[in-house]
Chemist: 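Just passing along the structure, written as structure tokens.
Positions are given from 1 along the sequence. Model, not experiment: these values are computed from the prediction. Scope of the values below: all heavy atoms of this structure, side chains included, with no hydrogens, waters or symmetry mates.
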Amino acid sequence: MAETTMDTLLVRINELAHKAKGTGLTDDETAERADLRQQYLKLFRASFKSQIETMAVFDKDGNEVTPKKVQKLQRAKGLRDN
């Protein structure tokens with residue numbers, strides 16, 4: 001089976017949302033919607049965590065002010081030399 005992406009999950013979640021507003025959902029569709037939402041949140045959190053772990057923050061003077069916790073994570077993953 002192909003890898004599920006956030007976009008494919010959103011398409012189906014939106015289809016179910018439109019049906020819920022119209023004719024309503026069956027019990028199976030309600031369970032499917034809950035499962036799809038959980039999968040979407042899992043992918044969203046993983047994506048967000050990846051973005052945070054690779055960020056670098058600089059102040060207006062150009063000095064790096066990336067939080068120490070993020071720097072430590074980046075060093076552990078080999079993303080940072082210093």
Chemist: With sequence neighbours excluded, tell me which residues meet side-chain contact (heavy atoms from CB on, under 4.5 Å) with L25.
Modeler: L16, K19, A20, E29, T30, R33
Chemist: Using the side-chain hydrogen bond (donor to acceptor under 3.5 Å, both in side chains) criterion, which residues pair with T5? Sequence neighbours excluded.
Modeler: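 If we apply the side-chain hydrogen bond (donor to acceptor under 3.5 Å, both in side chains) test to T5, skipping adjacent residues, the hits are T8.
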Chemist: Does one hydrophobic cluster hold both L10 and L41, with members joined at side-chain heavy-atom distances below 4.5 Å?
Modeler: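 They do not share one cluster, since no chain of ILVMFWY contacts under 4.5 Å joins L10 to L41.
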Chemist: Does one hydrophobic cluster hold both L36 and L43, with members joined at side-chain heavy-atom distances below 4.5 Å?
Modeler: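 Yes, one cluster joins them.
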Chemist: Could you pull out all residues at least two apart from M55 that satisfy side-chain contact (heavy atoms from CB on, under 4.5 Å)?
Modeler: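 So M55 forms a side-chain contact (heavy atoms from CB on, under 4.5 Å) with I52, V57, P67, V70.
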Chemist: Could you report the tightest heavy-atom contact between Q74 and T54, atom names first, then the distance?
Modeler: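 Minimum heavy-atom contact is NE2-C, 3.7 Å.
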Chemist: Does a sphere of radius 6.0 Å around CZ in F58 hold more than 12 heavy atoms from other residues, nucleotides or ligands, not counting ones at 6.0 Å or beyond?
Modeler: yes
Chemist: I need the full list of salt bridge (charged side-chain N to carboxylate O under 4.0 Å, His left out) pairs touching residues 58-75, with sequence neighbours left out, sorted by first then second residue.
Modeler: E64-R80
Chemist: Counting distance only, does the side-chain N/O of Q71 pair as donor-acceptor with the main-chain N or O of T66 below 3.5 Å?
Modeler: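 Indeed, once roles are kept as given, a pair shorter than 3.5 Å links the two residues.
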Chemist: Does Q38 have any side-chain hydrogen bond (donor to acceptor under 3.5 Å, both in side chains) partners at least two apart in sequence or in another chain, and if so, which?
Modeler: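 Partners of Q38 under the side-chain hydrogen bond (donor to acceptor under 3.5 Å, both in side chains) test: none.
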Chemist: Strictly by salt bridge (charged side-chain N to carboxylate O under 4.0 Å, His left out), give each pair with a member in residues 35-47 just once, sequence neighbours left out.
Modeler: none
Chemist: Is D27 atom CG crowded by more than 12 heavy atoms from other residues, nucleotides or ligands, each under 6.0 Å away?
Modeler: no
